[in-house]
2 protein chains.
Amino acid sequence: MSKRLQLKTAEIEKATHIEYFNIALSVDCVIFGYEDKQLKVLVQKSDLAEFQGLYSLLGDLVRPNEDLDDAPYRVLSDRTGLRDVYLEQVHTFGGLNRHPSGRVVTTAYYSLIDVCHHALQITEHDVHWHAINDLKNLAFDHKLILDTCLERLRQQVMEEPIVFNLLQEKFSLRQLQDLYEAILGVELDRRNFRKRITLKNWLVDLNEMEEDVPHRPGKLYKLRTQLRREYRMSDKQRMQKMVV
Amino acid sequence: MSKRLQLKTAEIEKATHIEYFNIALSVDCVIFGYEDKQLKVLVQKSDLAEFQGLYSLLGDLVRPNEDLDDAPYRVLSDRTGLRDVYLEQVHTFGGLNRHPSGRVVTTAYYSLIDVCHHALQITEHDVHWHAINDLKNLAFDHKLILDTCLERLRQQVMEEPIVFNLLQEKFSLRQLQDLYEAILGVELDRRNFRKRITLKNWLVDLNEMEEDVPHRPGKLYKLRTQLRREYRMSDKQRMQKMVV
DNA sequence: TCCTTAATGTGTTAATAGTACATATTGTAC
DNA sequence: GTACAATATGTACTATTAACACATTAAGGA
C-alpha cells in the first residue's frame with residue numbers, strides 16, 4: 001500500500017497534507033500465567049535507555065498487511081511458540097508521549113496460557129515470568145496497561161470459564177480455588193466456592209484422584225469439552241463464529 | 001514530528017524500512033440520544049460511492065499531535081457543539097479491508113447526550129438522529145461498531161448511573177423506566193424497577209410534580225449532584241482523576 | 001358534580017443466590 | 001495405630017430477585 005494511495009473521502013483527503021500517517025500502531029500483550037500459586041505475567045528487559053533496568057510487556061508494531069487482531073496472535077506465536085491461545089482485546093492507549101521515540105498508539109490484549117504447556121518455548125533469554133504482585137514499575141505505560149488488563153480479567157473470571165486456560169487439563173478443586181484466589185487477590189470460602197463452581201456446571205468429574213500429593217488426594221476434574229473448545233479461541237475467531 | 005524521527009528500539013528501527021507508518025488511525029463515535037421513547041444514534045450520509053445511500057457514524061482521523069482519547073471529544077465538540085460529554089472507549093477495529101480507501105484502524109467510542117440540550121446544534125444538514133431499531137445496514141463496518149457499543153452500553157446501564165446523560169435534569173420514574181426499556185429492549189416491571197432504582201440511592205426527590213401531562217402527574221427526581229458531576233466526565237478526565 | 005379512565009404509587013410473597021459456619025472422612029507420616 | 005492435614009459435604013441465615021394486586025390521584029366528559 002503506497003502512501004499515495006487513491007484517497008476518496010473528504011476526511012482522508014486531508015491526510016496527505018498533514019501527514020496523518022505518521023502514527024505507528026502497535027500491540028502489547030499481557031500474557032498471564034499461573035505458577036507456584038501466583039499469577040504471573042510474561043515480561044522482558046526493556047531495550048530503551050530511558051527505561052534501563054525496567055521490564056516491559058511483549059509487543060510489536062502492527063504490520064501494514066496484518067489484521068489488528070492477528071498481531072497479538074503473531075506475537076504470542078513468535079515469542080512463546082503457542083497457537084490457539086485465549087486472547088482478548090482490552091483497551092487502546094494513545095497518549096501523546098507514551099513512547100519516547102515517537103507517536104505510537106498501542107492496543108492492549110490479554111492472554112491466558114498454561115505455563116506447563118508442552119509447546120511453550122521461551123527462547124529469548126531475557127523473557128521470563130514475573131509475579132504480578134512484585135511488579136511495581138514497568139517501562140512505558142505498561143504498568144497502566146497491566147493494571148487495566150488485570151482489572152478486566154478479574155471482571156471476567158466469575159462470568160466466563162476462561163481461567164482453565166491457565167491450568168493443565170486435569171485439576172483438583174483446591175488447585176482451581178488457589179488460582180481464583182491468586183487472580184482475585186482474596187481468600188475464598190472452600191465450601192461456597194465449590195457450590196458456586198458446581199452450580200455453573202462447567203466441570204466434568206473425571207473419577208480420578210490426585211497422585212503424589214503429601215496429603216489426602218482430591219478428585220480430579222476437567223472443563224467440559226464444549227466449553228474448552230469455545231474458550232480456547234482468540235477474539236477474532238470468536239467474532240468470526242458469531243458472524244457465521 | 002518527522003517521519004525521520006530518532007528511532008531507538010529495535011522494533012521501531014524496522015519501521016522506516018517497511019513503512020509501518022502507513023496505517024491511519026481514526027475514531028468513530030456512537031453518539032446515543034433518546035427521543036420519542038426510542039434510543040437513537042447520530043449518523044450522517046456516507047460520502048463514499050461504495051456506500052451510496054448508507055449512513056455512517058461520525059468520526060475523523062486522529063491528528064498527529066492529538067491524544068487518542070481527545071479525538072472523539074473533538075468530534076463531538078465539532079459536530080454537536082457539546083463539551084463535557086460522557087464518552088467511553090469500547091473497542092478498536094483493525095480489519096485489513098474495513099475501509100475501501102486504504103488501511104484505517106479505528107477506535108470506537110460511545111457517547112450519551114441529551115437530545116434537548118440547549119447547546120446542541122447540528123449544523124450539517126445530512127447529520128441526523130436515527131432510531132437504533134430501524135438501522136439494519138451502515139457503511140464500512142459501522143453496524144458492527146454500533147452493535148458492539150450498544151452491547152457495552154447495555155452491560156453498563158445497570159451498574160453505573162450513566163443513562164441520566166440522555167435525559168434532562170428533571171425526570172419522572174416513568175420516563176426513566178421508558179429509557180431503560182428502550183436501551184435494554186425489554187419491558188420491566190414498574191414496582192421492581194422503582195425498588196431497584198431507589199435501592200441504588202442514585203436519585204434525589206425534588207418534591208416537584210410533572211406538569212402538562214394528560215394524566216396524573218408523577219413526582220420529579222434528579223441524579224445526585226455528586227454523581228452527575230462524576231458521570232458527565234469523559235474517559236480521559238476520569239482516568240486523570242484516578243491518577244490524582 | 002360525579003363517574004370513568006388511565007396513569008401513579010406502594011407492599012407481600014416465593015424463589016433464588018449468596019454468606020457464614022461445623023463436622024465427618026480419608027490418606028500420609030510418624 | 002494414632003496424630004495430623006487436607007478433602008468432602010450440609011445447614012441455617014441473609015440478601016437479592018421475580019412475580020404479582022390493589023389503592024390513589026388527577027383529567028375529561030356526561
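As a basis for the values below, the full set of heavy atoms in this structure was taken, side chains included, without hydrogen atoms, waters or symmetry mates. Labels below follow one simple rule: chain letters A, B, ... track the order of the sequence lines, proteins then strands, and each chain is numbered from 1.
Under the 3.5 Å distance criterion, with hydrogens and angles disregarded, no donor-acceptor pair is assigned to the side chains of Ser56(B) and Ser46(B). Between Gln44(B) and Arg79(B), the side chains place a donor N or O and an acceptor N or O closer than 3.5 Å (distance only, hydrogens not considered). Side-chain contact of Arg224(A) with Asn201(A): a donor-acceptor pair under 3.5 Å is present, judged by distance alone. In this model, a donor atom of one side chain and an acceptor atom of the other lie less than 3.5 Å apart for Tyr231(B) and Glu160(B). Inspection of the Tyr34(B) and Asp178(B) side chains reveals no N or O donor paired with an N or O acceptor under 3.5 Å.
Within a heavy-atom distance below 4.0 Å of DNA chain D, no residue of residues 177-186 of chain A is found.
When the local axes at the two ends of the helix from dT1(C)-dA30(D) to dC30(C)-dG1(D) are compared, using 5 base pairs at each end, they differ in direction by 10° after rounding to 10°.
Aromatic ring pairs are classed by plane angle as parallel below 30°, tilted from 30° to 60° and perpendicular above 60°; the pair Trp202(A) and Phe164(A) is perpendicular. Taking the six-membered ring where the residue is Trp, Tyr110(B) and Phe32(B) present perpendicular rings, their angle passing 60° and hence far from 30°.
Protein chain B contacts DNA chain C from dA7(C) to dT12(C), reading 5' to 3' and using non-hydrogen atoms of the protein with a distance under 4.0 Å.
Here Lys170(B) pairs with Glu208(B) in a salt bridge; the nearest charged N to carboxylate O distance falls below 4.0 Å.
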- Are Tyr221(B) and Phe171(B) close enough, and set up right, to give a ring-ring contact (aromatic ring centres under 6.0 Å, His included), and what steps lead you there? CA-CA 6 Å; Tyr221(B) 297 81; Phe171(B) 49 86; 7.2 Å; no
- Message: Strictly under 4.0 angstrom, non-hydrogen atoms only: write out the protein contact profile of nucleotides 16-30 of chain D, one letter per nucleotide from the 5' end, B, S or -.
- Response: --BBBB--BBS----
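Remark: the backbone N or O of Gln38(B) is not paired with any side-chain donor or acceptor of Asp36(B) at under 3.5 angstrom.
With sequence neighbours excluded, the residues that form a salt bridge (charged side-chain N to carboxylate O under 4.0 Å, His left out) with Asp147(A) are Lys143(A). Among residues two or more places apart in sequence or in another chain, the ring pair (Phe, Tyr, Trp, His ring centres under 6.0 Å) test is passed with His130(A) by Tyr55(A), His128(A).
The separation between Leu220(A) atom CG and dT7(D) atom P is 12 Å, rounded to whole Å. Leu176(A) places its CG atom 13 Å from the P atom of dT7(D), with the value rounded to the nearest Å.
Between Thr92(B) and Thr106(B) the shortest side-chain heavy-atom distance does not fall below 4.5 Å.
Here Arg194(B) lies in heavy-atom contact (under 4.0 Å) with a base.
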